[in-house]
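Given the structure is predicted, the values throughout are model-derived calculations rather than measurements.
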Amino acid sequence: RLMPDKAVGEARTRDPQLGKLMLYQLSYYRIASANVYKSFFFLVTLARKFYKKELSMEKLVLIKVGGKIVEEEETLRQLLNDFAAIEGYKVLVHGGGRSATKLAAQLGIESKMVNGRRITDAETLKVVTMVYGGLVNKNIVAGLQALGVNALGLTGADMNLMRSDKRPVKDVDYGFVGDVKEVNADLLASLIHQGIVPVLAPLTHDKQGHMLNTNADTIAGEAAKALAKHFEVTLMFCFEKKGVLLDENDDESVIPEIDRIAFKGYVEQGIIQGGMIPKLENAYQAIDAGVKQVIITQASEIHQGKGTRVF
């Protein structure tokens with residue numbers, strides 16, 4: 001029990017040992033009380049700083065575009081103009097599967113697909129590295145530079161930006177395909193803060209000297225999740241359709257919003273199927289990791305506020 005100073009003085013007069021013990025007890029409680037107050041004010045200060053940071057986080061738009069859009073001259077031109085017009089910080093992630101399939105055929109290399117995913121053997125890996133990290137990526141970078149956008153084309157191997165593990169063999173051996181394990185968010189954020197616009201190709205590495213073919217939706221999702229620690233991120237998946245469709249044969253049947261319960265129901269009913277399922281799963285993983293919002297829309301409508309908002 002905490003004793004007042006007067007009681008301690010009286011106790012020391014009657015019994016020096018008791019008074020000494022009481023003095024130690026009083027000193028201990030005073031120090032403990034001071035530490036409690038210091039800890040409390042430290043936590044309050046920390047909370048205020050965090051809240052202030054949350055309020056002042058700069059906005060960033062990360063756009064992922066499908067292969068067809070960046071592989072055809074007219075759609076690429078429109079995309080680059082629309083992307084260049086986005087104000088503030090931004091990142092572009094692209095595919096390029098059709099171009100890879102075309103070049104592989106010209107080289108006499110058969111393209112094998114399982115459930116819409118490419119089997120990447122050693123020869124196919126050479127092709128996708130040339131196409132994704134070279135032809136498609138550099139055409140986009142050159143086009144953006146022509147529009148005054150200081151774009152920088154990158155794969156996951158550049159500056160160790162994104163490291164993956166080779167996908168283990170289960171039912172299917174996908175070959176040299178990577179599952180992302182680490183994103184250098186601090187480095188990426190530093191480039192962005194310097195006014196550089198990263199253009200990310202769907203390639204990563206294992207830090208053992210091997211390139212790995214990596215799904216572009218995954219690249220976009222992982223980059224968005226990592227950058228959410230530095231920015232208020234909006235992730236946009238852009239492709240040929242206007243959004244997630246209620247009827248795949250009706251381009252106007254866009255579902256404006258999808259929450260998790262609706263998503264599950266649409267999948268069970270067969271309304272959402274195929275490649276759209278992993279796209280939406282990536283979207284929810286991004287939201288869980290701190291991404292502000294995810295939008296699935298047509299590439300030509302990134303400024304229109306249209307499409308499907310995932311929440």
Side-chain angles (χ1 to χ4, degrees), residues 54 57-67 69-70 79-80 82-96 140 144 149 151 154 156 161-162 164 179-180 182-189 191-193 196-202 204 214-245 254-260 262-263 272 275-311:
E54 287 293 299
M57 284 185 87
E58 297 167 299
K59 295 183 179 181
L60 178 141
V61 177
L62 191 152
I63 292 182
K64 185 270 171 178
V65 288
I69 296 165
V70 298
L79 167 71
L80 296 183
D82 290 341
F83 183 76
I86 295 174
E87 296 182 357
Y89 298 128
K90 52 197 170 188
V91 176
L92 184 65
V93 178
H94 65 81
I140 293 173
L144 289 174
V149 177
L154 297 166
L161 187 65
M162 199 172 291
S164 292
D179 294 322
V180 177
E182 183 180 358
V183 180
N184 194 335
D186 292 342
L187 175 61
L188 192 55
L191 293 173
I192 293 167
H193 278 128
I196 295 169
V197 176
V199 178
L200 306 182
T204 57
T214 307
N215 181 271
D217 284 352
T218 300
I219 295 280
E222 293 296 329
K225 288 190 287 186
L227 288 170
K229 300 173 185 175
H230 298 270
F231 302 93
E232 182 183 299
V233 179
T234 293
L235 172 60
M236 300 182 74
F237 290 106
C238 300
F239 65 137
E240 293 85 359
K241 302 295 183 179
K242 295 182 178 181
V244 182
L245 303 180
V254 177
I255 304 171
E257 294 183 335
I258 296 179
D259 62 16
R260 294 171 197 265
F263 170 52
I272 294 177
M276 187 57 68
I277 294 175
K279 196 181 296 289
L280 284 163
E281 288 173 343
N282 281 335
Y284 284 117
Q285 290 172 11
I287 291 170
D288 289 341
V291 172
K292 185 71 174 179
Q293 62 176 338
V294 180
I295 298 171
I296 298 175
T297 188
Q298 198 168 39
S300 59
E301 297 186 342
I302 58 178
H303 291 292
Q304 308 301 320
K306 298 180 180 179
T308 301
R309 184 174 74 89
V310 182
F311 66 100

Show your working on side chain to side chain contact (heavy atoms under 4.5 Å, CB included) between Val91 and Val197 and close with a plain yes or no. CA-CA 6 Å; Val91 176; Val197 176; 6.0 Å; no

Can you tell me how far NE2 of His193 sits from CZ of Phe231, rounded to the nearest 0.5 angstrom? 3.5 Å

Output all residues satisfying side-chain hydrogen bond (donor to acceptor under 3.5 Å, both in side chains) with Gln285, sequence neighbours left out; order by chain, then residue number. none

Would Ile192 and Leu227 count as a side chain to side chain contact (heavy atoms under 4.5 Å, CB included) here? Give the steps. CA-CA 10 Å; Ile192 293 167; Leu227 288 170; 4.1 Å; yes

Between Lys64 and Ala220 the two heavy atoms that sit nearest each other are CB-CB, 3.6 Å

Taking the side chain as every heavy atom from C-beta outward, state whether Leu161 and Leu188 have any atom pair closer than 4.5 Å. yes

Nearest heavy-atom pair of Val254 and Gly243: which atoms, and what distance? CG1-CA, 4.2 Å

Sequence neighbours excluded and cut-off under 3.5 Å, please list the side-chain donor-acceptor pairs for residues 289-303, or say none.
from	atom 1	to	atom 2	distance (Å)
Gln293	NE2	Thr234	OG1	3.3
Thr297	OG1	Lys306	O	3.3
Gln298	NE2	Glu240	O	2.7
His303	NE2	Asp82	O	2.7

Any Met276 side-chain heavy atom under 4.5 Å of Val244 side chain: yes

Output all residues satisfying ring-ring contact (aromatic ring centres under 6.0 Å, His included) with Phe263, sequence neighbours left out; order by chain, then residue number. Tyr284

Is there side-chain contact between Pro202 and His94, with at least one heavy-atom pair below 4.5 Å? yes

Just jot down the side-chain contact (heavy atoms from CB on, under 4.5 Å) partners of Asp186, sequence neighbours excluded, or say none. Asn184, His230

Tell me the closest heavy-atom pair linking Ala223 and Leu62, and the distance in Å. CB-CD1, 3.8 Å

Below 4.5 Å, heavy atoms only, C-beta onward: do Leu280 and Ile272 meet side chain to side chain? yes

Run the side chain to side chain contact (heavy atoms under 4.5 Å, CB included) check on Val93 and Asp217 step by step: do they pass? CA-CA 8 Å; Val93 178; Asp217 284 352; over 6 Å; no

Salt bridge flag under 4.0 Å for residues Asp259 and Arg309: no

Can you name the closest pair of heavy atoms from Ala201 and Ile219 and give their distance? O-CD1, 4.3 Å

Hits for side-chain contact (heavy atoms from CB on, under 4.5 Å) against Val180, two or more places apart or cross-chain, chain-then-number order -> Met162, Ser164, Val183, Thr204, Thr214, Thr218, Glu222

Can you confirm whether Tyr89 sits close enough to Glu58 that some side-chain heavy atom of one is under 4.5 Å from a side-chain heavy atom of the other? yes

Smallest separation among heavy atoms of Ile287 and Val310, with atom names: CD1-O, 3.2 Å

How far does CD of Glu87 sit from NZ of Lys59, to the nearest 0.5 angstrom? 11.5 Å

Evaluate Thr308 against Glu257 for side chain to side chain contact (heavy atoms under 4.5 Å, CB included), listing each step before the verdict. CA-CA 5 Å; Thr308 301; Glu257 294 183 335; 6.0 Å; no

Point-to-point distance, once rounded to the nearest 0.5 Å, from CG of Leu92 to CG of Leu80: 8.0 Å

Looking at Val70 and Gly95, what are the two nearest heavy atoms and their distance? CG2-O, 4.2 Å

What residues form a ring-ring contact (aromatic ring centres under 6.0 Å, His included) with Phe83, not counting sequence neighbours? none

